[in-house]
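A note on names: the letters A, B, ... follow the listed sequences, proteins ahead of strands, and every chain is numbered from 1.
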2 protein chains.
Amino acid sequence: MGTAERKIKEKEELRELILKSARKLFVENGVAQTTIRSIAKNIDYSIGTVYLYFKDKNAILNELHTQGFSELGRQFKVLAEVEDPMERLIAMGRIYLRFAVENPEMYELMFTLKAPMEVLNEAKDKEWNEGQSAFGVLKTTVDQCMARKHFQGHRLEPLTFMIWGLVHGMCSLHISDRANGVKLHDAAGIVQAGYEEFLKILKKL
Amino acid sequence: MGTAERKIKEKEELRELILKSARKLFVENGVAQTTIRSIAKNIDYSIGTVYLYFKDKNAILNELHTQGFSELGRQFKVLAEVEDPMERLIAMGRIYLRFAVENPEMYELMFTLKAPMEVLNEAKDKEWNEGQSAFGVLKTTVDQCMARKHFQGHRLEPLTFMIWGLVHGMCSLHISDRANGVKLHDAAGIVQAGYEEFLKILKKL
DNA sequence: CAAATTAAATGAACATTGTTCATTTATGCA
DNA sequence: TGCATAAATGAACAATGTTCATTTAATTTG
C-alpha cells in the first residue's frame, strides 16, 4: 500500500505545517494575538482544516509546549560532557536562563500559561511528563552533588524545587515585564546578574 | 454644594462596587472566566455602566492589581516590629509565600498576567510604582543585612532580585500548576518545604 | 413648580474570537 | 468513467470586549 503510506505522511506534513505556522506567529506576535484564523490564513488553509488536525487551540499550545521541552532537552545534551555535578548544575542553569531569555513566548507556553496544561486536566490520569522528566534531570544532578558532599543537611526534593524556582522566578519576572523596575541593568542583564549572585552562594554549599 | 459632593461620593461608591464584584468573580471563577457582562450582572447594572467607570477590562485588572499590592503591603506592616534585618527578611518571605498561596488569582494579577501592565505601556512615562516600591522594601532589608555583614561579596541589586525571584518562582510554579509533578508533598507544601531549604542556606550567609 | 438642561444608565449592535458542521471538492479504486 | 471515501471548506453560532445612539433620572433654572 504505497498510497496509504503517502497519505499518512501527507497528513503528518500538514500537521507539522500548522504547528510551524502557529509557532512562527506566536513568536512574532505573542500567543494571545495568534488566532486560529491567522494560523489558517498563514498556510492558505481554511479554519476548519486546522480543526481537522487539532482538537482545539489548547491542543496546539500543548504540542508546542512539548516541542519547547524537546528543544530545551536538546540544549541540555552538552551537559553530558561535564563530569563534575556542581559544574553541570551551574551550566544547566545557564542554558535554562538563556533559553528563557531567547525564547520568551516558548518559555511562557512551557512554564506559565494555563492553557497547554488544560489538555492534561481534561483527560484523567494524564501527567505532565515533560515537566516531571525535566525536574528529574535536575534532581539527579542535585543528588550527585549531594553524593559529593555538597548541600549537606538539605533535603533533595525541596532543595531541587527551590533551585528550579530560583531560576524560573527570575526568568518569569523578566518575561512578564516585572523586572523592569530594577533599572541598573538592561532587561535581560538583571537575570544574568541575579544568577551570578546565586553562583557565589553555590560555591559555599 | 452638598449635592455635588454626594454625587462624587456616589460615583466613587459604584466604582468600588464594580471592583468588589470583579474581584469576587475573579477569586471564584478565575480572571479568564470573568467577563464584563458577568461583573455587570452581578451588581445589577448594564454593561455600558461598567465602561462609564473603567476605560476597559485592563483598567479593572490594573486597579485590582494595585489593591493586591496594598494588601500585601498591609500584611508586611508587622515586619516593622522585627529588629534584626535577617529575621525580617525571613519573615517577609513567609508572608509573601502565604499571600501567594492564599490568593493565587490576586498573585497572578500582581506578578504574572500581562494585561494589568498594559495600562502602563499605553501611557508613556508611566512606571510600575507598586512593583518598584515593593522591590525597594526588599532591597532596603537586604541592604540592612549587608550592613550587619551578611551577604559578603554580594551586590545589592542583583542579590535582591535573586531572592525575589527565588520566592516568586516557587509561588509561580505552584500557581501555574507546574509543581504538581513534585509529588512527595501536597501542592502548597512543596512551596513551604522549598523555602525551608532556602532558610538553611541563609543561615550560612 | 414646570420646563430645560445636564448627568447617568441602558442595551442593541459591532468586531473579533473559538468552534461546529452541513456542504463541496478532491482522491483513490473498481 | 463512476462511485465511495477522505479532505477541505467557510458559513454560522456562541461568547466576548467594546461603542454609542437612545432613554431615563436628576438637577438646575425661570
Side-chain angles (χ1 to χ4, degrees), chain A residues 1-19 21-22 25-26 28-64 109 113-119 121-122, chain B residues 1-19 21-22 25-26 28-64 109 113-119 121-122:
Chain A
M1 280 279 185
T3 53
E5 278 173 39
R6 196 202 52 200
K7 293 203 78 176
I8 288 170
K9 211 179 100 186
E10 274 175 8
K11 281 208 75 166
E12 187 52 37
E13 274 169 9
L14 183 43
R15 199 186 139 85
E16 294 299 330
L17 187 61
I18 292 168
L19 285 172
S21 164
L25 294 170
F26 283 161
E28 279 176 9
N29 314 324
V31 173
Q33 312 304 323
T34 304
T35 67
I36 302 287
R37 279 171 180 78
S38 70
I39 295 169
K41 193 169 205 172
N42 186 249
I43 56 175
D44 282 313
Y45 277 88
S46 71
I47 304 158
T49 302
V50 176
Y51 280 91
L52 242 43
Y53 290 81
F54 293 93
K55 184 182 156 288
D56 54 24
K57 196 181 180 182
N58 283 351
I60 300 178
L61 296 177
N62 182 269
E63 189 88 19
L64 290 178
L109 230 39
L113 295 182
K114 297 252 178 80
M117 303 295 278
E118 270 159 30
V119 174
N121 298 341
E122 281 164 19
Chain B
M1 279 281 184
T3 53
E5 278 173 36
R6 197 202 53 200
K7 293 204 75 176
I8 289 170
K9 212 179 99 187
E10 275 175 8
K11 281 207 75 166
E12 187 51 38
E13 274 168 9
L14 183 44
R15 200 186 138 85
E16 293 300 330
L17 187 63
I18 292 168
L19 285 172
S21 164
L25 294 169
F26 283 162
E28 278 175 10
N29 315 324
V31 174
Q33 311 305 321
T34 304
T35 67
I36 302 286
R37 279 170 181 77
S38 69
I39 295 170
K41 194 170 205 171
N42 186 249
I43 56 174
D44 282 315
Y45 276 89
S46 71
I47 305 159
T49 302
V50 175
Y51 279 92
L52 242 42
Y53 290 81
F54 293 94
K55 185 180 156 289
D56 54 22
K57 197 181 180 183
N58 283 351
I60 299 178
L61 296 176
N62 181 269
E63 188 89 19
L64 290 178
L109 228 39
L113 295 182
K114 297 252 179 79
M117 302 296 278
E118 270 159 30
V119 174
N121 297 341
E122 282 165 19

Identify whether any heavy atom of Leu14(A) sits under 4.0 Å from a base atom; if not, whether one sits that close to sugar-phosphate; answer base, sugar-phosphate or nothing.
sugar-phosphate

Could you go step by step and tell me if Ile18(A) and Tyr45(A) meet the side-chain contact (heavy atoms from CB on, under 4.5 Å) rule?
CA-CA 9 Å; Ile18(A) 292 168; Tyr45(A) 277 88; over 6 Å; no

Report which part of the nucleic acid Thr35(B) touches: base, sugar-phosphate, or nothing (heavy-atom distance under 4.0 Å, all strands).
sugar-phosphate

Return the 5'-most residue of the pair Lys55(A), Gln33(A) with respect to DNA chain C, ranking by each residue's nearest nucleotide.
Gln33(A)

Do Leu64(A) and Val31(A) make a side-chain contact, defined as non-hydrogen atoms from C-beta onward lying under 4.5 Å apart?
no

With salt bridge (Lys or Arg N to Asp or Glu O under 4.0 Å) as the criterion, how do Glu118(A) and Lys57(A) come out once you've worked through the C-alpha distance, each side chain's angles and the decisive distance to 0.1 Å?
CA-CA 11 Å; Glu118(A) 270 159 30; Lys57(A) 196 181 180 182; over 6 Å; no

Could you state the OH-C1' distance from Tyr45(A) to dA7(D), rounded to the nearest angstrom?
9 Å

Heavy atoms under 4.0 Å, any strand shown: does Ser38(B) hit a base, just sugar-phosphate, or nothing?
nothing

Can you measure Leu52(B) atom CG to dA9(C) atom C1' for me and round it to whole angstrom units?
7 Å

Taking dT18(D), dA8(D), dT19(C) as options, the one with an atom nearest any side-chain atom of Thr49(A) is dA8(D)

Would you say dA9(C) has OP1 or OP2 under 4.0 Å from some side-chain N or O of Tyr53(B)?
yes

Any side-chain N or O of Ser46(A) below 4.0 angstrom from OP1/OP2 of dT9(D)?
yes

Using atom NZ of Lys11(B) as one end and atom C1' of dA26(D) as the other, report the distance to the nearest whole Å.
14 Å

d(CZ, Arg37(A); C1', dA11(D)) in whole Å:
11 Å

Between dT18(D) (P) and Glu122(B) (CD): distance, integer Å
10 Å

Taking atom C1' of dG18(C) as reference, at what distance in whole Å does atom CD1 of Ile60(A) sit?
11 Å

Distance, rounded to the nearest Å, where Tyr51(A) contributes OH and dA6(D) contributes C1':
21 Å

Salt bridge (Lys or Arg N to Asp or Glu O under 4.0 Å) between Glu16(A) and Lys11(A), worked out:
CA-CA 9 Å; Glu16(A) 294 299 330; Lys11(A) 281 208 75 166; over 6 Å; no

So, does Thr34(B) use its side chain to make a donor-acceptor pair with the main chain of Leu25(B) at under 3.5 Å?
yes

Whole-Å distance separating the NZ atom of Lys41(A) from the P atom of dT16(C)
11 Å

